[in-house]
2 protein chains.
Amino acid sequence: MGTTQLESVQEPKYWHLKTVLSEALDSDFAVGEILPNERDLAARFGVARATLRQALEQLELEGRLQRRRGVGTTVAPPRVGVAVSTDQREWADGVGGEAWQPLDSTMAKAPAPVAEMLGTDPAEPVHVVRRIRDTQGQAVAAELLYVPASSIPDLSAIEAPSGPVRARSVLRELRRLGLQGQDRSVELGSARADDAKELDRLPGAPVLVVTTRYFTVDGTAAVSVATYRADTCRLTFGDSGALEISHDEQPERQAS
Amino acid sequence: MGTTQLESVQEPKYWHLKTVLSEALDSDFAVGEILPNERDLAARFGVARATLRQALEQLELEGRLQRRRGVGTTVAPPRVGVAVSTDQREWADGVGGEAWQPLDSTMAKAPAPVAEMLGTDPAEPVHVVRRIRDTQGQAVAAELLYVPASSIPDLSAIEAPSGPVRARSVLRELRRLGLQGQDRSVELGSARADDAKELDRLPGAPVLVVTTRYFTVDGTAAVSVATYRADTCRLTFGDSGALEISHDEQPERQAS
DNA sequence: CAGTGGTCTAGACCACGCT
DNA sequence: GCGTGGTCTAGACCACTGC
């Protein structure tokens with residue numbers, strides 16, 4: 001024994017720091033409690049502030065900490081589970097405190113990848129509905145919903161030139177289409193400036209981008225791009241419950 | 001006129017840099033092409049290397065770049081869509097190149113949160129199956145599957161003391177239970193050292209953590225914690241109806 | 001071995017929230 | 001105005017890859 005090869009791989013300081021801090025958070029701090037400031041913490045651990053910050057950044061990414069310029073660093077509550085609905089009845093008016101809140105609706109050109117999903121000409125304007133999702137008084141997601149004009153044939157149904165009223169009328173027309181299904185993907189992104197503002201984060205903050213395609217029998221009726229705060233959200237999918245018809249034969253295939 | 005308030009909000013250098021680089025990637029570089037090294041790039045843009053790195057980190061987070069120590073920085077291909085299966089037949093042997101590959105199975109204590117989901121005593125060992133998921137020759141996910149001993153009553157079915165053979169036998173027994181449904185959540189995390197190694201990333205790399213709970217009529221039969229490379233993966237959920245039409249996908253452009 | 005990205009330092013100044 | 005986190009600099013050394 002003696003000089004067994006312990007610590008053959010020396011882990012980086014910030015990684016070790018993160019571990020130490022993480023354990024301290026578990027044992028010595030309560031949710032919402034504020035930590036000492038970065039300069040003090042760095043001095044206490046005998047590292048440069050940049051190194052300390054690297055550890056804090058990781059902990060914030062994992063949802064353990066919350067940092068705010070001009071205020072300080074606090075211990076974050078556990079991530080909230082946010083349901084990403086599987087059924088298509090999600091366009092109801094968000095009167096309850098837990099739902100989407102329509103902000104505005106305009107006509108604008110969709111970004112190229114969205115236009116492609118919609119199957120529309122990228123140069124042709126579509127309805128763009130902006131919504132915010134609140135959970136427990138906190139904004140957790142910002143969404144842009146793209147709806148081709150062709151999905152809403154009845155122009156007279158659009159009630160206002162702008163604002164929440166117009167947004168609500170677009171959503172109402174959408175609800176009448178009779179959706180056949182949806183298609184969803186989740187990926188990591190960084191918040192655009194406008195989304196960051198709505199989410200009370202700095203531009204570039206990590207977000208989970210949920211892209212949903214809504215189908216009718218005629219094709220794609222709308223595309224939604226929702227950005228969720230990655231630091232505070234855990235997206236939940238309710239696939240459980242009644243699992244189709246399990247007594248009959250299941251389709252033998254595996255989508256790629 | 002004259003001094004109109006242009007640039008009232010000066011964006012950070014790294015943010016502007018990121019935008020410039022992003023546009024350059026679109027127009028002047030092909031997928032797989034290697035960029036100049038960080039010191040040269042920093043000099044070219046007249047910034048410190050740390051600042052340049054901040055921009056590169058963001059672009060890597062968004063899946064635009066791929067950096068490898070000792071090698072260089074390359075232009076990343078568009079993110080691969082990885083299907084997170086909705087049906088429960090996902091424990092089939094991964095003979096195809098696109099599936100899970102069982103590595104090993106041991107008995108160990110489950111982490112506290114997992115034990116809670118399983119409804120077992122945290123001190124009681126459970127089966128822990130380790131699997132890797134490959135897509136197009138690249139490891140995209142590493143998984144730990146926790147199975148309470150009570151879910152596998154027939155001990156004689158476990159064929160080997162360790163290794164892939166044992167893992168496969170645990171999975172086989174699991175398949176015979178008749179699942180009733182599942183429950184899934186997705187959140188952002190950072191790769192543990194062991195996962196990072198499997199995924200060919202550095203520890204702390206951003207990952208999408210997919211936690212799945214598998215139900216039988218008796219309760220929770222197993223819990224899976226899968227970590228997907230956030231830089232290269234786009235998780236897809238097939239909630240849609242029938243149409244799985246594969247009009248070949250084009251690169252997704254992300255927020256900037 | 002040379003060249004790459006990864007880590008670390010010790011400063012400085014800035015933008016923001018409070019009081 | 002003061003204290004906070006956010007940005008930025010100009011260095012240094014380390015760990016890894018490939019020749």
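Within every chain, numbering begins at 1; the chains are lettered A, B, ... in the order of the sequence lines, protein sequences first and strands thereafter. Computed from a predicted structure; not experimentally measured.
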Salt bridge flag under 4.0 Å for residues A:Asp194 and A:Lys197: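 Salt bridge flag = no for A:Lys197 with A:Asp194.
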Note: B:Asp26-B:Arg64 ion pair, threshold 4.0 Å (strictly below):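 Salt bridge between B:Asp26 and B:Arg64, a charged N being under 4.0 Å from a carboxylate O: yes.
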base_contact_polar (D:dG6 base, A:Arg49 side chain, donor-acceptor, <3.5 Å):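 Present.
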Under 3.5 Å donor-acceptor pair, A:Arg39 side-chain atoms to D:dG5 base atoms: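 Flag set: donor-acceptor pair detected.
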Sidechain-backbone polar pair: A:Arg166 side chain, A:Asp104 backbone, donor-acceptor under 3.5 Å: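 No; judged by distance alone, with no hydrogens or angles, the pair does not exist.
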Any donor-acceptor N/O pair, B:Arg229 side chain to B:Leu199 backbone, under 3.5 Å: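 Checking the backbone N and O of B:Leu199 against the side chain of B:Arg229, a donor-acceptor pair under 3.5 Å is found.
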Looking only at side-chain N and O atoms, does [X] come under 4.0 Å of OP1 or OP2 in [N]?
X: B:Thr73; N: C:dG5; answer: yes
X: A:Arg67; N: D:dT4; answer: no
X: A:Asn37; N: D:dT4; answer: yes
X: A:Thr51; N: C:dT7; answer: no

5' priority, DNA chain C, between A:Tyr14 and A:Gly70 [closest heavy atom]: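 On the 5' side of the pair lies A:Tyr14.
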With the side chain of [X] defined as its heavy atoms from C-beta on, choose the nearest nucleotide among [options].
X: A:Glu38; options: C:dG6, C:dC8, D:dG6; answer: D:dG6
X: B:Arg69; options: C:dG6, C:dC8, D:dG5; answer: C:dG6
X: B:Ala50; options: C:dC8, D:dT7, D:dT9; answer: D:dT9

In whole Å, what is the span from the [atom1] atom of [X] to the [atom2] atom of [N]?
X: A:Arg53; N: C:dT7; atom1: CZ; atom2: P; value: 16 Å
X: B:Lys18; N: D:dT7; atom1: NZ; atom2: P; value: 12 Å
X: B:Trp15; N: D:dC8; atom1: CH2; atom2: P; value: 12 Å
X: A:Arg201; N: D:dG6; atom1: CZ; atom2: C1'; value: 12 Å
X: A:Leu56; N: D:dT4; atom1: CG; atom2: P; value: 14 Å
X: B:Glu11; N: D:dT7; atom1: CD; atom2: C1'; value: 13 Å
X: B:His16; N: D:dG6; atom1: NE2; atom2: P; value: 22 Å
X: A:Ile34; N: D:dG3; atom1: CD1; atom2: P; value: 14 Å

Sugar-phosphate only, base, or nothing, as touched by A:Leu202 at under 4.0 Å among non-hydrogen atoms: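 Touches sugar-phosphate only.
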Sugar-phosphate, base or nothing in reach of B:Arg68, heavy atoms under 4.0 Å: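 Result for B:Arg68 = sugar-phosphate.
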Residue pair B:Arg53, B:Tyr14: steps toward the side-chain hydrogen bond (donor to acceptor under 3.5 Å, both in side chains) verdict: CA-CA 8 Å; B:Arg53 277 179 60 82; B:Tyr14 79 91; over 6 Å; no
